Protein chains: 2
Amino acid sequence: MVSFTEENYLKIIYKLCASGDNGATTNAIAQLTQTKPSSVSDMLKKMSDRQLVDYKKYQGVSLTEEGERLALRVIRRHRLWEVFLVEKLSFAWDEVHELAEELEHIESEQLIIRLDEFLGFPQFDPHGDPIPDQHGKITKVKKIKLTHIEEGLQYKIVGMEDTSDAFLQYLTKIGMDLSSKVTLVEKIEFDQSMVLNINGKSTTVSHKFTENVWVSEL
Amino acid sequence: MVSFTEENYLKIIYKLCASGDNGATTNAIAQLTQTKPSSVSDMLKKMSDRQLVDYKKYQGVSLTEEGERLALRVIRRHRLWEVFLVEKLSFAWDEVHELAEELEHIESEQLIIRLDEFLGFPQFDPHGDPIPDQHGKITKVKKIKLTHIEEGLQYKIVGMEDTSDAFLQYLTKIGMDLSSKVTLVEKIEFDQSMVLNINGKSTTVSHKFTENVWVSEL
DNA sequence: ACAATTTTTTAGGTTTGTCTAAATTTTAAT
DNA sequence: ATTAAAATTTAGACAAACCTAAAAAATTGT
Ligand SMILES: [Mn+2]
Ligand SMILES: [Mn+2]
Ligand SMILES: [Mn+2]
Ligand SMILES: [Mn+2]
């Protein structure tokens, strides 16, 4: 049996390891769990004893095979609940994260199998992130950061790096969402900001912004 | 903020007070929470400090107004989730209790409002129990125990006292469910067992059985 | 009324997950 | 190669919710 808290740690460690190539650091985990680094150290020791993570003092941490299996289960549940909330209960995509953060911990294989079926076996969540199947397998999509798009080509938004409410609300404000079509109008060398054409409308966005949006070529 | 555990206590105390007319006892609560009486004593003291219950040592316990408000919120959530699981995810009525026991603690007013709407504002849960509205108001139905039905009249099943899996499975086995139609064929004075006509089929049931089924006259 | 039994509470502990403050290790800067 | 700074871990505590064993209060039977 893996606790609520352990599930949150597993998910966070999974994500930190997936983005960077080396293990997750104590401080990074503390920030995402909203706890102190000392608490994280404690927890990592316990999870290491339980063989959920590979951990050597001062050396960062990564998931064991079992840990990764469990992490992917939580991610699957999180994203399926997000689809449910948006598709069935008509929540906006920027309102569902916190709720899914709780729902993901309901422990029942049957529940998730039936929810998946009820939703029509969705492949992606409302933020464009792939939903692992029952065996933890994820559909990989070829995607690049908005930062690196080229003039003359057409792109489709497929996901966001930052999924904070603030960011998602800003996206809504400038009329960008999943499957929006984008082309590069002009790249400003000075500060790497970009003038984009989003669904026909021209908008200027910062480098920080373009680093947080994933697109794929059409 | 009321914790997961407190919500379970509130619900249990509500139900114990609703059935019997005097307050809930420590032992009864311990049995339903699956804890020891000493743990219940501890918890009651804490909940009393927080003004969720009226509690005097050795005197049993009942809910304050605030406690009752919170209890009804949890009951509402529990029953709405049960409807969701049966109506939308096609679970059987005897499979949903444990799951709803977890889902009921997800904290979000909006979630429940939208779930209620999605389900079409149901009045009763899959076991025939009324669902409190947003303000905690419950639709009362005139109902009697199966034990007290009379010959010559027609009755409809409207709820169960015992909602354990064992009981619900037995009901399924003898072909009785919510809104089944029942008439009394014969009452055996010796042991108070009854021969019933359930949807046209004749079945004999014990006194213990009839004490656990609620019906209303048609 | 009084002893026996049952119910309830108190005392003292445990586990989980967190904290602050202090110590240690690693990394970065001279 | 030292030293300063940053990251991490340890030490010692705490709150929530539970436990067992023992004490106290309430109830029951005679
Ligand atoms: Mn979570
Ligand atoms: Mn998502
Ligand atoms: Mn519950
Ligand atoms: Mn029910």
Side-chain angles (χ1 to χ4, degrees), chain A residues 1-13 16-17 19-63 67 70-71 74 101-102 104-107, chain B residues 1-13 16-17 19-63 67 70-71 74 101-102 104-107:
Chain A
M1 201 78 314
V2 50
S3 75
F4 187 102
T5 308
E6 284 172 323
E7 287 191 338
N8 284 334
Y9 273 84
L10 286 171
K11 210 176 54 170
I12 283 166
I13 295 168
L16 285 170
C17 290
S19 57
D21 15 289
N22 28 12
T25 67
T26 302
N27 268 356
I29 298 170
Q31 191 159 30
L32 293 174
T33 51
Q34 315 233 62
T35 62
K36 300 294 167 179
S38 55
S39 307
V40 174
S41 276
D42 269 9
M43 196 64 187
L44 292 183
K45 215 180 306 166
K46 283 179 209 161
M47 291 175 74
S48 179
D49 290 347
R50 302 195 48 186
Q51 318 233 39
L52 298 174
V53 297
D54 289 320
Y55 170 59
K56 286 218 186 71
K57 277 194 215 173
Y58 296 103
Q59 300 289 120
V61 70
S62 59
L63 296 179
L70 292 170
V74 182
E101 202 57 50
E102 294 197 51
E104 69 190 1
H105 303 293
I106 305 284
E107 190 60 50
Chain B
M1 201 78 317
V2 52
S3 74
F4 187 104
T5 307
E6 284 172 323
E7 287 190 339
N8 284 334
Y9 272 84
L10 287 170
K11 210 176 55 171
I12 283 166
I13 295 168
L16 286 170
C17 291
S19 57
D21 15 289
N22 27 12
T25 68
T26 302
N27 269 356
I29 298 170
Q31 193 158 32
L32 294 174
T33 51
Q34 315 234 62
T35 62
K36 301 292 167 182
S38 55
S39 306
V40 174
S41 276
D42 267 11
M43 196 65 187
L44 292 183
K45 215 179 305 166
K46 282 180 211 160
M47 291 174 73
S48 178
D49 291 346
R50 302 194 48 184
Q51 318 232 40
L52 299 174
V53 297
D54 288 321
Y55 171 58
K56 284 216 188 72
K57 276 195 220 174
Y58 296 102
Q59 299 290 119
V61 69
S62 59
L63 296 178
L70 293 170
V74 181
E101 202 57 49
E102 294 196 53
E104 70 189 1
H105 304 293
I106 305 284
E107 189 61 51

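Order of the sequence lines sets the chain letters (A, B, ...), proteins ahead of strands, with each chain counted from 1. From a predicted model like this one, the values you see are computed outputs, not experimental measurements.
For the pair M1(B) CE and dA16(D) P, the interatomic distance rounds to 14 Å; values are reported in whole Å. Atom CG in L44(A) sits roughly 7 Å away from atom P in dT9(D) (whole-Å rounding). Computed from coordinates, the Y55(B) OH to dT7(C) P distance equals 16 Å when rounded to whole Å. Rounded to a whole Å, the CD1 atom of I29(A) is 14 Å from the P atom of dA7(D). Taking atom CD of Q31(B) as the reference point, atom P of dT8(C) lies 12 Å away to the nearest angstrom.
For the atom pair N8(B) CG and E104(B) CD, the distance stands at 5.5 Å (nearest 0.5 Å). One distance of note links OG of S39(A) with CD1 of I29(A); it measures 12.0 Å at 0.5 Å rounding. Residue K11(B) holds its NZ atom at 3.5 Å from CD of E101(B), rounded to the nearest 0.5 Å. Rounding to the nearest 0.5 angstrom, the gap separating the NE2 atom in H105(B) from the CD1 atom in I106(A) is 8.5 Å.
The minimum heavy-atom distance linking P37(B) with A30(B) is given by the pair N-CB, 3.7 Å. The shortest heavy-atom contact between I13(B) and A24(B) is CG2-CB, 4.3 Å.
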Could you give the side-chain donor-acceptor pairs of residues 44-58 of chain A under 3.5 Å, partners two or more places apart or in another chain?
{"unit_1": "R50(A)", "atom_1": "NH1", "unit_2": "E6(A)", "atom_2": "OE1", "d": "2.9"}
{"unit_1": "R50(A)", "atom_1": "NH1", "unit_2": "E6(A)", "atom_2": "OE2", "d": "2.8"}
{"unit_1": "R50(A)", "atom_1": "NH2", "unit_2": "M1(A)", "atom_2": "O", "d": "2.9"}

Distances under 3.5 Å between protein N/O atoms and the N/O atoms of nucleotides 15-19 of chain C, please, pair by pair.
{"unit_1": "dG17(C)", "atom_1": "OP1", "unit_2": "S3(A)", "atom_2": "OG", "d": "2.7"}
{"unit_1": "dT18(C)", "atom_1": "O4", "unit_2": "D42(A)", "atom_2": "OD2", "d": "3.1"}
{"unit_1": "dC19(C)", "atom_1": "OP2", "unit_2": "K36(A)", "atom_2": "N", "d": "2.9"}
{"unit_1": "dC19(C)", "atom_1": "OP2", "unit_2": "S39(A)", "atom_2": "OG", "d": "2.6"}

Any protein N or O atoms within reach of nucleotides 24-27 of chain C? Criterion: under 3.5 Å, listing atom names and distances.
{"unit_1": "dT24(C)", "atom_1": "O2", "unit_2": "Y58(A)", "atom_2": "OH", "d": "3.4"}
{"unit_1": "dT25(C)", "atom_1": "O4'", "unit_2": "Y58(A)", "atom_2": "OH", "d": "3.4"}

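Listed pair N27(A) / dT8(D) meets the phosphate criterion, a side-chain N or O lying under 4.0 Å from OP1 or OP2.
For the pair V61(A) and V40(A), the minimum side-chain heavy-atom distance is 4.5 Å or more.
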